[in-house]
K.L.:
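Please see the structure below; I have some questions.
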2 protein chains.
Amino acid sequence: MIHHCTIGQALPTGAVIREIAAEKDLPAGFDAELAGKTVTIRRKLAPEEMIMGLGQAVGGVNRRGQRLRAWNSDDFSHTENKECLYGSHNFVLFINGAESVGLFLDDPGEIFYDLGFTHPDEAVITACNGGLDVYVLRGGTPAEVCRELRRLTGASYLPPFWGLGYIQSRWGYASERDVTEIVENHRSRGIPIDCVSLDIDYMDHYRDFTWDRRHFPDLKGFAAAQKADGIRLVPIIDAGIPVDENDTAYVSGREQDVYCKKADGSDFTAAVWPGRCVFPDFLRPETRSWFASQYRTLLDAGIEGFWNDMNEPAFFYSDEGIAAAYAVADELRGQNLPLEAHDRLKGAFTSLNNSREDYRRFCHTYRGGKVNHERVHNLYGWGLTAATAQALREDAPGERRLLFSRSTIIGAHRDGGMWMGDNSSWWSHVLLNLKMLPSLNMCGFLFCGADLGGFSCDTSPELLLRWLQLGAFTPLMRNHSAHHTRLQEIWRFDNWEAMRGAVRVRYALMPWLYAQLMRAGLTDSLLFRPLCFDYPEDGEARQVEDQMLLGEGAMIAPVYEANARARHIYLPEDMLLIRFRDADDLDTLPLKKGWHRVRLEANEFPLLLRKNTLLPLAGPAERSRDIDQRHFRVLGWCDRAVETPFYQDDGLTAAPTLAEGNALLTADPAERTGRLVTREGEWATDVSRVIWE
Amino acid sequence: MIHHCTIGQALPTGAVIREIAAEKDLPAGFDAELAGKTVTIRRKLAPEEMIMGLGQAVGGVNRRGQRLRAWNSDDFSHTENKECLYGSHNFVLFINGAESVGLFLDDPGEIFYDLGFTHPDEAVITACNGGLDVYVLRGGTPAEVCRELRRLTGASYLPPFWGLGYIQSRWGYASERDVTEIVENHRSRGIPIDCVSLDIDYMDHYRDFTWDRRHFPDLKGFAAAQKADGIRLVPIIDAGIPVDENDTAYVSGREQDVYCKKADGSDFTAAVWPGRCVFPDFLRPETRSWFASQYRTLLDAGIEGFWNDMNEPAFFYSDEGIAAAYAVADELRGQNLPLEAHDRLKGAFTSLNNSREDYRRFCHTYRGGKVNHERVHNLYGWGLTAATAQALREDAPGERRLLFSRSTIIGAHRDGGMWMGDNSSWWSHVLLNLKMLPSLNMCGFLFCGADLGGFSCDTSPELLLRWLQLGAFTPLMRNHSAHHTRLQEIWRFDNWEAMRGAVRVRYALMPWLYAQLMRAGLTDSLLFRPLCFDYPEDGEARQVEDQMLLGEGAMIAPVYEANARARHIYLPEDMLLIRFRDADDLDTLPLKKGWHRVRLEANEFPLLLRKNTLLPLAGPAERSRDIDQRHFRVLGWCDRAVETPFYQDDGLTAAPTLAEGNALLTADPAERTGRLVTREGEWATDVSRVIWE
């Protein structure tokens with residue numbers, strides 16, 4: 001059930017796809033007040049009330065006690081105090097015993113969330129746009145409330161099957177030779193891989209829609225050869241277009257007048273990678289169409305997937321900002337600088353990036369009028385994603401393509417996936433990766449993953465290994481690292497065989513993981529859920545935030561601490577422990593409901609499976625296309641004949657439906673047989689390792 | 001047993017107090033190589049080998065897999081990738097099954113530790129001073145190896161009893177009125193407090209040995225009035241002296257020629273809080289004596305304790321450094337700045353602080369010769385601590401005074417305690433606080449604590465509460481926060497009564513905690529130990545890093561996660577769970593060896609007590625001097641008549657000894673009686689809550 005209320009002068013984002021008549025007041029449980037431009041929504045929190053949702057943010061799955069802010073921000077240091085990261089996901093889920101209620105704030109501007117931070121028993125939400133559309137969602141269980149959100153804002157982007165393959169990336173791959181070396185080193189060691197994603201180095205001086213012709217003399221030929229070997233290239237595209245008369249995109253966009261404008265009507269500029277750039281006004285459909293058309297050269301070269309970056313938009317500096325910094329420097333030149341003056345000098349330069357003043361310097365054309373960027377800031381990232389999605393759709397209307405983006409807002413979940421941005425090689429970010437999965441899923445983002453091994457800072461062999469073991473279960477499985485950090489490709493580490501084991505397990509699980517993802521997407525469900533979603537009456541389950549339910553019947557519980565060789569795992573019901581070492585090296589153990597201390601050597605990672613659920617494992621493969629999708633070895637712990645819902649399609653065709661992909665896995669204890677049943681036929685499965693009780 | 005080996009041309013720190021003949025080679029298990037100025041020590045690591053020690057550093061108690069560096073650094077962002085913080089503690093403890101071996105590197109320069117980071121099975125230690133003294137310590141158990149280090153480098157600083165009181169501090173207390181407000185708000189709510197520590201705001205323009213006469217018109221009278229109320233003022237002292245002809249200390253030091261010199265013989269200057277400063281050459285005894293004499297005015301005003309800061313030494317910038325930054329800025333002025341140029345401009349200013357070039361610009365007189373600062377960098381902080389300790393000793397030779405410092409090295413543990421520097425209001429820093437305690441103890445630093453609630457960033461009610469519950473057990477118990485952060489005094493929070501409960505428990509435990517600290521100091525033992533120290537055969541105990549053994553017979557297990565209302569606790573033997581809510585509000589539960597999931601509401605925190613150990617609780621008190629040290633309520637779980645070692649002295653007299661303070665707590669199940677037995681007499685204790693089995 002959805003209750004819609006418009007407070008003040010709303011400026012909606014376009015996320016909502018269903019018209020719902022607005023009522024005058026918010027329902028009981030929420031108080032709203034409009035004062036000047038500020039809308040304040042308050043809610044008294046019950047002692048045990050949990051607060052979830054809010055997508056991309058640091059902290060717990062239960063966000064009670066946190067302070068957060070919707071303001072899309074390019075911030076590479078994801079420390080615990082950060083109130084906002086790259087995306088704004090204005091969906092808050094309050095869970096108070098059996099009552100769940102969701103709040104979706106359809107607003108593209110800054111929103112402040114005080115979720116028991118100032119006063120432990122009160123949530124205060126403040127929006128600053130002069131008004132907004134509020135949707136109160138009720139549906140019984142937390143999962144049902146999240147489904148209501150998806151019905152209100154649209155179904156989630158779903159990738160092609162190959163997008164679930166292992167992706168190797170690094171800020172630093174600059175040539176065909178680099179890519180070839182990466183691929184060869186995976187292939188020669190039997191480490192599965194499907195993609196190499198190309199960071200800014202592939203471009204010609206960091207210019208969108210170009211590539212370095214010295215180092216990629218024949219991109220089309222190279223991409224084709226790679227694809228023949230089962231490798232797709234996935235290049236990065238940024239938001240800014242360099243101010244450069246020799247840049248084709250720049251000149252074309254200027255001719256079509258697509259760039260964001262300052263108040264005086266001139267194009268707004270700010271520096272990013274290539275220096276001074278203009279920024280397409282992605283809020284206009286015409287601009288998105290123009291931008292989509294710019295992909296033509298890359299699409300013609302055979303590129304089938306993209307990742308979007310710097311689309312908050314991120315700025316290094318503006319002309320005005322740097323002039324102000326120089327003015328401070330000139331003023332203080334030669335002076336003795338005590339604390340305050342020193343802070344001023346340093347602050348003048350450190351505050352240049354992504355400054356609020358710069359965001360106020362330009363306008364968009366939005367919903368027929370001029371709007372200052374600050375009011376619609378959180379929409380910008382989606383605009384780039386939407387334009388890219390349009391380019392891919394127009395290029396291959398019948399196919400799903402790969403697309404993931406950095407800066408998002410609810411609504412963008414329809415157009416692409418996302419990665420969690422520029423994390424660090426910190427153990428705490430393994431746990432953060434895990435915790436962000438359900439929060440993002442609640443907001444509609446299903447195709448997600450973090451930079452495995454960590455982007456900034458130097459990774460360690462054990463950290464990368466443990467992170468890959470988590471990444472084996474995330475839809476986007478990408479190892480990505482920053483320039484000047486330790487080289488992070490699997491084969492470079494002494495313990496590479498254990499890492500390979502994690503990737504091989506991924507490939508053995510890929511048909512199953514794909515089925516879970518597709519079923520979640522096609523039923524507006526969550527792929528990853530905190531335990532309290534499925535076990536609301538279980539007091540222990542409420543407390544657990546370092547394990548997540550995965551799809552239908554499974555649970556992950558990664559190790560995320562250095563030198564740990566065991567962890568506590570809570571089973572909310574009887575489950576089968578599967579301890580993976582490699583695709584063909586695992587052991588299983590039926591465990592009873594309750595807490596368990598599970599031994600997990602460095603090369604071991606667990607998957608927990610509900611009783612009477614079947615898990616299909618494919619045979620070994622080093623490319624997603626080589627995975628045998630018909631012949632599975634099945635694991636399970638069953639005390640009766642079992643049918644487990646499954647899903648299969650060609651992994652590529654656009655607009656998939658549940659009906660077309662519907663499939664079943666069955667196992668029968670009487671005859672010790674198992675079957676894969678699809679619309680296309682039936683295949684026997686190997687159930688010799690199913691444990692019958 | 002201590003094996004001493006001098007490699008190359010050593011430059012010792014002065015930490016070693018015993019002469020031990022040097023042998024030619026390192027013993028088996030270590031390989032050393034001198035190449036140029038670089039000494040490399042290698043050790044093959046056994047699969048299960050643990051690596052501990054190294055004092056102040058992020059990461060685990062078991063440091064295996066980490067990369068660390070000895071280089072005293074003013075760095076306020078204690079993220080997981082930081083290789084060095086404020087102190088250098090060059091003691092590494094290798095624990096391989098029953099074999100423990102310690103390595104103490106007596107060197108004041110930079111040392112690199114690769115402890116299985118590059119190659120999981122190898123530790124590589126690299127020192128760059130052209131040689132160093134290596135001491136290999138063997139003693140059977142890890143605790144015995146740590147004791148050998150204390151015998152080699154001297155006994156630990158021990159504070160007065162009042163130094164264990166609750167200390168309230170903030171960067172921002174600027175006046176008598178501020179202090180009065182702080183104290184009154186504690187007193188009126190019954191929150192115990194013993195000290196207010198004064199950050200840089202008390203000074204006159206951040207100048208050492210001054211105070212702001214407008215806001216502290218009569219410091220002596222004010223300090224005396226506060227002391228009468230049981231409050232001591234503990235002001236900060238920094239390393240730099242401002243270049244200011246009107247500054248008494250500056251002029252005096254110049255006359256005595258005590259400042260560090262550049263190669264050309266002029267005084268080296270760099271800016272800190274007051275702007276351009278000179279830096280006393282604390283490595284010279286004459287300078288330390290001069291500096292000690294400067295404390296006279298503060299001592300005469302009745303000050304009895306100090307904290308030392310910025311003694312890495314920390315620099316904001318040097319004249320040369322800022323000139324270079326301006327040169328970059330001038331060169332790039334008006335240019336279009338792509339990535340690399342932008343990085344250069346910003347880096348020019350962000351790299352001004354604590355730059356390596358600046359550390360190379362000046363010299364010390366050390367061991368009779370001129371030595372470039374870089375070679376002896378890690379000694380500087382100790383010099384300030386030693387000078388302060390000298391001032392306090394000369395002022396009151398018969399008494400212990402309070403002293404804690406930021407930048408330290410092994411050796412400085414004789415002269416003062418330390419706090420853990422500028423942490424953040426992050427949940428992970430509660431755990432870091434816990435983990436650093438045993439690591440620092442191993443290196444001799446017993447009087448330690450972190451800024452409770454967190455220094456940088458805004459704390460939350462629950463974070464401060466949980467941190468205070470840990471702080472109740474740390475010798476230094478100080479709530480300290482940075483300017484521009486959320487006000488962090490207990491009474492400002494909705495849940496202040498629960499926080500008060502934690503401080504009241506501290507005061508009830510203070511005689512016991514003091515006894516544990518004094519006994520640890522006087523027996524060269526650790527106050528906090530990882531479980532594997534006492535239970536080397538216990539495989540689970542090896543893995544536990546979020547619980548610590550405390551003193552003789554106790555264990556702490558704080559909650560360090562938001563919204564957690566329970567935690568796992570491992571008992572390496574049968575223990576009594578004491579769940580504290582307030583000094584007079586607790587419950588107890590005997591628990592068997594093994595893992596337990598212990599419920600801990602937000603206002604509850606546990607202490608675990610070995611069977612047949614007695615824990616004395618004092619009655620309520622709001623000042624340390626008001627604690628009744630004769631009449632205790634005793635807790636325990638006993639199956640026989642018990643005698644628990646205890647310690648009592650006047651809490652003040654210098655050079656305490658175990659013999660003089662020796663005391664006993666006894667309990668007899670037959671007669672249901674208990675006694676406190678000291679050299680001065682016997683007192684009955686209340687044993688009505690001891691659980692007899």
Side-chain angles (χ1 to χ4, degrees), chain A residues 50 59-60 62 64-67 77 79-81 116-117 119-121 205-206 243 271 273-276 316-317 322 326 329 333 336-339 341-342 345-346 348-350 352-353 424-428 456-458 460-463 494-495 540 543 545 561-566 568 595 597, chain B residues 50 59-60 62 64-67 77 79-81 116-117 119-121 200 205-206 243 271 273-276 316-317 322 326 329 333 336-339 341-342 345-346 348-350 352 424-428 456-458 460-463 494-495 540 543 545 561-566 568 595 597:
Chain A
M50 296 190 288
N62 180 3
R64 181 141 181 191
Q66 277 194 266
R67 190 173 56 185
S77 185
T79 52
E80 292 171 46
N81 54 301
F117 177 83
H119 298 291
D121 63 350
H205 291 86
Y206 312 134
V243 178
W273 309 118
R276 198 173 286 116
F316 293 166
Y317 68 87
I322 207 163
Y326 269 94
R333 188 189 291 263
N336 183 26
L337 306 178
L339 172 59
H342 170 257
L345 175 64
K346 214 163 146 177
F349 289 92
T350 54
L352 283 175
N353 287 53
S424 298
S425 297
W426 298 344
W427 283 96
S428 61
S456 304
C457 310
D458 291 339
S460 76
E462 193 190 10
L463 174 59
D494 292 357
N495 58 345
E540 287 299 309
Q543 285 275 307
E545 293 209 349
E561 289 175 320
N563 295 308
R565 295 295 179 265
H568 297 282
W595 282 105
R597 178 85 177 162
Chain B
M50 297 190 288
N62 180 2
R64 182 143 180 189
Q66 278 194 265
R67 190 173 56 183
S77 186
T79 51
E80 291 170 47
N81 54 300
F117 177 84
H119 298 291
D121 63 350
I200 53 173
H205 290 85
Y206 311 134
V243 178
W273 311 117
R276 199 173 287 115
F316 293 166
Y317 68 88
I322 207 163
Y326 270 94
R333 188 187 293 263
N336 184 25
L337 306 177
L339 173 59
H342 169 257
L345 176 63
K346 216 164 143 175
F349 289 92
T350 55
L352 284 175
S424 298
S425 297
W426 298 345
W427 283 96
S428 61
S456 304
C457 311
D458 292 338
S460 77
E462 192 188 12
L463 175 58
D494 291 0
N495 59 345
E540 287 298 309
Q543 285 274 309
E545 292 208 351
E561 290 175 319
N563 296 309
R565 296 293 179 265
H568 296 282
W595 282 106
R597 179 83 178 164

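Remember, predicted model here, so these are calculated numbers, not experimental data. Residue numbers start from 1 in every chain, and the chains themselves are labelled A, B, ... in the order their sequence lines are given, proteins ahead of strands.
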K.L.:
Tell me, for B:Ser424 versus chain A, whether the close heavy atoms (under 4.5 Å) come from the side chain, the backbone, both or neither.
P.N.:
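Neither part.
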K.L.:
Okay, side chain of A:Asn336, backbone of B:Arg276: is any donor-acceptor separation there less than 3.5 Å?
P.N.:
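Side chain of A:Asn336 to backbone of B:Arg276, a donor-acceptor pair under 3.5 Å: yes, one is there.
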K.L.:
Looking at B:Ala329, B:Ala348, B:Gly116, B:Ala562, which makes the most heavy-atom pairs under 4.5 Å with chain A?
P.N.:
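Counting heavy-atom pairs under 4.5 Å, the top option is B:Ala329.
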K.L.:
Side chain from CB out, backbone as N, CA, C, O: work out which of these in B:Pro120 comes under 4.5 Å of a heavy atom of chain A, or both, or neither.
P.N.:
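Both backbone and side chain.
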K.L.:
Evaluate the side-chain contact (heavy atoms from CB on, under 4.5 Å) criterion for residues B:Glu545 and A:Glu561: first the C-alpha distance (whole Å), next the side-chain angles of each, then the deciding distance (0.1 Å), finally the verdict.
P.N.:
CA-CA 10 Å; B:Glu545 292 208 351; A:Glu561 289 175 320; over 6 Å; no
K.L.:
So, do A:Ser428 and B:Ser428 sit near enough that their side-chain heavy atoms are less than 4.5 Å apart?
P.N.:
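No - every pair of side-chain heavy atoms lies 4.5 Å or more apart.
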K.L.:
Return the minimal non-hydrogen interatomic distance between A:Arg64 and B:Asn563, and the atom names on each side.
P.N.:
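Answer, listing the atom of A:Arg64 first, then B:Asn563: O-ND2, 3.0 Å.
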K.L.:
At a heavy-atom distance under 4.5 Å, which candidate from B:Ala341, B:Cys457, B:Gly275 has the highest pair count against chain A?
P.N.:
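Top option by heavy-atom pairs under 4.5 Å: B:Gly275.
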K.L.:
When only pairs under 4.5 Å are counted, which of A:Asn495, A:Leu352, A:Asn353 shares the most heavy-atom pairs with chain B?
P.N.:
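Greatest number of close heavy-atom pairs with chain B: A:Asn353.
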K.L.:
Over all heavy atoms of both residues, which pair between B:His342 and A:Tyr317 is shortest? Give the atoms and the distance, please.
P.N.:
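Closest heavy-atom pair between B:His342 and A:Tyr317: CD2-CD2, 3.8 Å.
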K.L.:
Can you find a pair of side-chain heavy atoms, one from B:His205 and one from A:Pro338, that are under 4.5 Å apart?
P.N.:
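Contact flag for B:His205/A:Pro338 side chains = no.
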K.L.:
For chain B, which candidate among A:Phe316, A:Trp273, A:Tyr326 shows the most heavy-atom pairs at distances under 4.5 Å?
P.N.:
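Result: the option with the highest number of such pairs is A:Tyr326.
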K.L.:
Top residue by heavy-atom pair count (under 4.5 Å) with chain B, among A:Val243, A:Asp121, A:Leu339?
P.N.:
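The option with the most such pairs is A:Leu339.
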K.L.:
Do the non-hydrogen side-chain atoms of B:Trp595 and A:His568 ever get within less than 4.5 Å of each other?
P.N.:
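A side-chain contact exists here, since the closest heavy-atom pair is under 4.5 Å.
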K.L.:
Considering only heavy atoms, which portion of B:Arg565 lies under 4.5 Å from any heavy atom of chain A: side chain, backbone, both, or neither?
P.N.:
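Interface part for B:Arg565: both.
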K.L.:
If you count heavy-atom pairs under 4.5 Å with chain B, which of A:Gly60, A:Pro461, A:Ser425 comes out on top?
P.N.:
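Heavy-atom pair counts peak at A:Pro461.
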K.L.:
Go through the atoms of B:Ala271 and report whether side chain, backbone, both or neither lie under 4.5 Å from a heavy atom of chain A.
P.N.:
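Side chain only.
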K.L.:
Might you point out which heavy atoms bring A:Gly65 and B:Ser460 nearest each other, and give the distance in Å?
P.N.:
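Between these two residues, the closest heavy atoms are O-CB, 4.0 Å.
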K.L.:
Measure distances from B:His119 to the heavy atoms of chain A and classify the residue's part below 4.5 Å as side chain, backbone, both or neither.
P.N.:
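Contact with chain A: backbone and side chain both.
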K.L.:
Give, as side chain, backbone, both or neither, the part of A:Gln66 having an atom under 4.5 angstrom from any heavy atom of chain B.
P.N.:
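Neither part.
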K.L.:
Under 4.5 Å from any heavy atom of chain A, what part of B:Trp426 do you find: side chain, backbone, both or neither?
P.N.:
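For B:Trp426, the contact with chain A is made by backbone and side chain together.
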K.L.:
Nearest 0.5 Å, please: how far is CD1 in A:Ile322 from CG in B:Leu345?
P.N.:
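Interatomic distance, B:Leu345 CG to A:Ile322 CD1, rounded to 0.5 Å: 5.0 Å.
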K.L.:
Is there a side-chain contact between A:Arg67 and B:Asp458, using heavy atoms and a 4.5 Å cut-off?
P.N.:
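Yes, close enough: below the 4.5 Å cut-off.
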K.L.:
Please check: side-chain N/O of B:Glu462 versus main-chain N/O of A:Phe117, any donor-acceptor pairing under 3.5 Å?
P.N.:
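Looks like no, no N/O pair under 3.5 Å.
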